[in-house]
Structures are given as structure tokens and as C-alpha cells.
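Lettering follows sequence order; numbering is per chain, from 1.
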Protein chains: 2
Amino acid sequence: MAMATLSDVAKEANVSKMTVSRVINHPEQVTEDLRLLVINAMKTLNYRPNSAAKALAQNRTNVVKFLILEDIDTTEPYYMNLLFGIARGLDKQQYALQLISDRDKLNAGNADGYLITGARTKDSEWLDQLEKPLVLYGENRYGYDFVDTDNKLGETMATEYALAKNYQSIIFIGIDVKEPFEYSREAGYINTLQQNGLLPRIHRMANRSHISQGFINDHWAEFARNTCFVCASDRLAIGVVRAILAKGGRIPDDFGVIGHDGVFLDQVSNPQLTTVQQQVMSLGEHLARMLLSKIDQSGAQQGEVLLTPQLVARGTTRP
Amino acid sequence: MAMATLSDVAKEANVSKMTVSRVINHPEQVTEDLRLLVINAMKTLNYRPNSAAKALAQNRTNVVKFLILEDIDTTEPYYMNLLFGIARGLDKQQYALQLISDRDKLNAGNADGYLITGARTKDSEWLDQLEKPLVLYGENRYGYDFVDTDNKLGETMATEYALAKNYQSIIFIGIDVKEPFEYSREAGYINTLQQNGLLPRIHRMANRSHISQGFINDHWAEFARNTCFVCASDRLAIGVVRAILAKGGRIPDDFGVIGHDGVFLDQVSNPQLTTVQQQVMSLGEHLARMLLSKIDQSGAQQGEVLLTPQLVARGTTRP
DNA sequence: TTGTATGCGTTATCAG
DNA sequence: CTGATAACGCATACAA
């Protein structure tokens, strides 16, 4: 019992293949009665379109490539959710995914477009060479279409929350990369402090928990009680928490810590981390949808989408 | 400048399309000189086979579906590595992936086969209904082809290691599921203890760090010094570590803790976890390859593959 | 060993 | 609005 094809449905409904095809792709060009007839036939035959044939006829592949430019070992756990979001977005149009971690392999095989994450400023050179539509995950200032969390807003929320909880001094622990997402996060922090007549204090370092742990440890004398650390990532935040606890600091009474990312890492830390949570799955869906519509519109510019994050209050800030 | 096709290459090399096709799929049926001629032509034209056309002609889709039956929120971070491994395995034959988290959507769209993870005993009912080849990630005793870590060996290694480090009492903290992977892990522990004339002590609970933390806390009085906890997962192990530290127990001098999984979670814990590390990426590659060869062999049984894990000694056991 | 004809399932084009 | 025909790029079956 091979799969039913367009022709089978056509026979069943006593129409031509084209009518069936139109019912699927251009229903408005078909009269209502024929349309219903065909739909019934499709149901009784349990018709499933053959995506390979469709792809061939339309000069498509029904595949998009997802390129991850970061080191796999350092990839955040939330990528899993991102992937699920992407998968869900692609699903509706029966697109499949190809995961690529090596930019050299990007040109092997065919695809209709690219989703790219971890792109840094320097990557724009070869991004411009790509012949198919692409959408980035993560802010950029080179005009590429992208989807991201509203990083500035997120850190604004975090800083305001720290102020509302009456921490006197708010210190930003950032990641030492010169990339838009970091600038945006810092900007959210800086603006909020300035609006409250406070002076920003920013420390930047590699995004690893033992680094931030060491930093807090080494500079412990500089941090008065009643300080809240607003961190650019959950990793950094976890290290900060550990250092404070090791020094005998009391969380959240004397010290607050707020992370950023809010997927997974915040759950395994102890005490549980107050964090700026991203809607990662939703980000993935937006990514996929943006790319698909860009493909549909033969590469037309799509602009940017910034999703609103959410502050999740847990054990590392005052109740 | 459209993509070069078989015909283009054929013209360039002054042969027929079929010769070109043969050079790709059955090179042994073609004379050496023609073969080289064709290969050159392919290079100069930068020929890339059109996978949609290939798929259509062979009644394939060049897509495999990856079904994750676990709750996404509880998925382990190592899935990311698994996915990369799968992707790498699929890449060589230009297969693409479709991620599915809802078993109902398994039948939407087409695929050449299925990779399934998180399958439990009860799932065998509907697994049998599937018409395409499938390979499971994770042991099972229903005859499905599978790839997994050698769970029994892994826990054997962990238990032997604990003994070698002179912990007197070895306690197993397991997951309360009636599934083969858990039985195998327990078996490795039990056998090793019995061979050393010791009595097994097993506690089973939900696979969450705060559960194991609570358990150790509540039963603290029962655990003498010089005990090593061999845990069925890193999550459980992390909870155990936290509880011990909170009770003032000294790790690794008086208490040892060994986890299982060894991807990511072990890195963020403090102190860093001694753990049974799986070669997750390699597991993924094996999964993909097994499925692809099963597809090639029109569904022939592939058997099972058990990969050897590795014990990584870190801070939660004696040096 | 190589080439020719045909079909895979779908959509675009053009005719009715 | 509907249908016949060709085309997408490749592989199978058969013929030379």
C-alpha cells in the first residue's frame, strides 16, 4: 500500500491532478463544491503530499541549515529549547533542519536558507557571500534580519528590580566581548542607574562561573553589604553566588544576585537564581517563521524582532 | 547562474547523464578514464547533487525524524551533544532532521526513518505500528535496535573506583523508574559489591536534585563517614553533594559522590563532580549511522551498540 | 561498459 | 474555472 499521490486523489474525486494541486496551493481559484469534493477524497485516501516532489518542482529543498558558530562545549543548555522552537516553526511547512557546527560545511548540500547563531562582528565578511536568505539569532548592527530577546529591556528590568528591593549599590558583572548583545545589556543597566542618579560600576570577564567566582573572591573587600550583582549571564551569576556564600555573605539579605538567560542553569543552582528569563522556545519559532517568510518572498528584508523577557524572582534577591 | 545538473556535467564531459550518475553511485561500473573525466567536469562546474530530485527518484525523503518522548523542561543538557552527533552522522549522506516532541505529529509529513529517545516500556504498542525503520536511543528489551552507553559497565566502573579509593560503604542513589537503563546501572553496582562480599544499599527517587538533597538531609544520621554515594545521574549527585555540604560533611575526605552522565551538569557543580562520562556525541553518530544503514538495507535488523563510558575523576572523590 | 527511454510526484504554463 | 502537457533532476530498467 504505497502512499496516495495527487493522481490517486484526482481519480477518487473525478477531477484532474491540477485541481487537487490547486486546492492545496491556491484554493481561491477553485469552486467551493470541487474544493470540498477534493478535500474529502484526500481524507479518505489519507493523502500526504510528497515533499521531495514538491521541492523538486519548485526548485526548493525544504531544508534550512542551522549554523552554530559557538564552541559546542560552551553552548548554553537553552539551545535545546531554541531548537525545539525552530523545529515547531518549521514543522508547519514541513521543513527539515540540518545542524551545522562547522562553517566550512555550510556549502555542502543544498538548503533554502540559513539560521545562524553566535555570529560575531567579524563574520559579516563571509555572511555576505551566502546566496540564500539568512536570519540571525542575536542582535547585530549590520542590517541582517534577526530575532533576539530585548537585552536592553531585560537588564533595565533587572536593575530596576534590584533598586526596588532596596539594594544600595548595584554592580554589573558583564561578559568581555565587544558584541551588541553585551552592549545592550550594559546600556539597560547604565541608563537605569543614571536615571536614578547613581554611578555605574561594570566589571567584564569571560563567561565562566569559576572566573566570576574568582573575581568576587579576589575583590571581596570592595563590596559593601547591601549590594546587588546584576550579571549578564546565569553562568556568571552562579559563580558570584558561590563566592559570596564561600565568603560567608548572606543571600539575599546582604547581597543580591540576578542572572540572565533563565533556562536550566537557574534551576540547578542553590539557592535558585533570580534571573531575566528569555522565551527561548518562542525565539526559535520566530526565527523559523521569519526565515520561511523570507524564503517565500524570495529574500525580502524582514527587519528585526525583539521579544520581551521576564524577570523571575527567586531566592537570590530579597522577597 | 543556476546550479549545475547531471546533464550539464554530462555535456562538459562528453558522456551521457547515466555515466555521470554511475560515477556517483556505482563507480565500479565505470572505466577509470571516464570516471576521472567526469570527476573533473563535476569540479569545474562545481556540481552539487540535487537531493530533492534524488529523493524523488528513489522514493525517499532524505529526512529522518527525531522523536523526543521526554518532557522538554526536564531534558538533559547533553541532548545538545547528542543532536550534534546525529547531525554529523546524517551529514555524510545529506540527510536532514525533523525534531518532534509530540508523538501525534509523528505521522505528519514524510520521513525515511525514526530515531526515538525516551521510549518507555509501554511505548512498544505504537512503536510497532510505525512503517519506517526506527532505532532507539536507550536500552530496551523488546528487540528494537538501539544505541546506548554500557550502563552496567559504567556503574561497575564507578563502584570499583569508589572501592579503590577506600570508601567503606557504597550506597547507590537510583532513579525510581522501571526501565532497563536503571536496572543495568543497578546491576553493575550490585554485582561489583557482591564480588567484594558487600551488601548493596539502594535508594530510588525522582531524578531531581532537590529530591536527592532532601533525601540525604532527612536520612543524614544513617550515613557513616567514609561513605561513597554512587548516583544514577548527575542531577541526583548534585543534590547529594549539596546536602552533604550543608550538613557539614567533608567531600571528598569523609564522603564521596559519583555522578552519571558527565555532560555539562558536572561542570557547573561545585566542587566538580566525579562522574561516569558518556560519549554523547559519538552515541549520536552511531544512532544516525545505524538508522541510515537500516534504511539502506530496507529495514534489516541492526542489533545493538553499547559504547564504553569513561570514569572522570574530579573533586568529589578522593584523589 | 555505456547510452536510451521512462517514471518518481508535484507545479507552471498555457489552452480550453 | 478547469484540464492537458511539460518540466524539475535523478535513477532504474533495459538495450546496444
Report task. Figure out the CZ/P separation between A:Arg60 and D:dG9, and round it to whole Å. Result -> 15 Å

Query raised in the report: What's the CG-P distance between B:Leu56 and C:dC8, to the nearest Å?
Result: 9 Å

Query raised in the report: Does the distance from a Lys or Arg side-chain N to an Asp or Glu carboxylate O, for B:Arg60 and B:Asp296, drop under 4.0 Å?
Result: yes

Query - Ion pair check, B:Arg35 and B:Glu28, cut-off under 4.0 Å - result: no

Query raised in the report: Would one find more than 12 heavy atoms of other residues, nucleotides or ligands at under 6.0 Å from atom NZ of A:Lys294?
Result: yes

**Report entry** N or O in side chain of A:Ser16 less than 4.0 angstrom from D:dG3 OP1/OP2
**Finding:** yes

Query raised in the report: For D:dT2, does OP1 or OP2 lie under 4.0 Å from any side-chain N or O of A:Thr31?
Result: yes

Query raised in the report: To 10°, what angle do the rotation axes through the five end pairs on each side of the helix from C:dT1-D:dA16 to C:dG16-D:dC1 form?
Result: 40°

Query raised in the report: Nucleotide by nucleotide, 5' to 3', does protein get under 4.0 Å of the base (B), only the sugar-phosphate (S), or neither (-) in nucleotides 11-16 of chain C, counting heavy atoms?
Result: BBBB--

Query raised in the report: Considering only side-chain heavy atoms of A:Pro49, which listed nucleotide, C:dT10, C:dG3, D:dC10, is closest?
Result: C:dT10

Report task. Using distance alone, with no hydrogens and no angle criterion, decide if B:Gln302 and B:Gln297 have a side-chain donor and acceptor under 3.5 Å apart. Result -> yes

Report task. Assign B:Asn59 to base, sugar-phosphate, or nothing according to its heavy-atom contacts below 4.0 angstrom with the strands shown. Result -> nothing

Report task. With heavy atoms under 4.0 Å as the rule, sort A:Glu28 into base, sugar-phosphate or nothing. Result -> sugar-phosphate

Hey, can you pull the donor-acceptor pairs under 3.5 Å for the side chains in residues 36-49 of chain A, sequence neighbours left out?
{"residue": "A:Thr44", "atom": "OG1", "partner": "A:Ala41", "partner atom": "O", "Å": "3.0"}
{"residue": "A:Asn46", "atom": "OD1", "partner": "A:Arg48", "partner atom": "NH2", "Å": "3.1"}

Report task. Please report the C-alpha distance between B:Thr308 and B:Asp150 in whole Å, then the side-chain angles of each, then the deciding distance to 0.1 Å, and finally whether the side chain to side chain donor-acceptor pair (under 3.5 Å) criterion is met. Result -> CA-CA 6 Å; B:Thr308 302; B:Asp150 192 331; 5.8 Å; no

